[in-house]
Amino acid sequence: MTTELVLLISIFVFLVARAFFGDHGPLKTFESSGPRLGARIEQQLSTGRDFKNVFGQRQQWEKPSAGAPDGKFLQ
């Protein structure tokens, strides 16, 4: 009985690991879709799509008053 249980668990773990880390798993899918998502966001930012105010006018880009972020938390 123990041998069968060990075999069934190992087969299950092997199949689940293959589903997650295989060629069609979620890790590979998200890895390859990152650049495509970034390109869509940049295109929407440059064309002004989905960035309208209450009156239906497009928002104009303004230069930020502060400098570029340095990656540190404010204290």
inquiry  = Tell me every residue that passes side chain to side chain contact (heavy atoms under 4.5 Å, CB included) with Ser33, counting only those two or more places apart in sequence or in another chain.
reply    = Phe30, Arg36
Taking the hydrophobic residues Ile, Leu, Val, Met, Phe, Trp and Tyr, and joining any pair whose side-chain heavy atoms are under 4.5 Å apart, which ones share a cluster with [X]?
| X | result |
| --- | --- |
| Phe14 | Ile11, Leu15 |
| Val13 | Leu5, Ile9 |
| Leu8 | none |

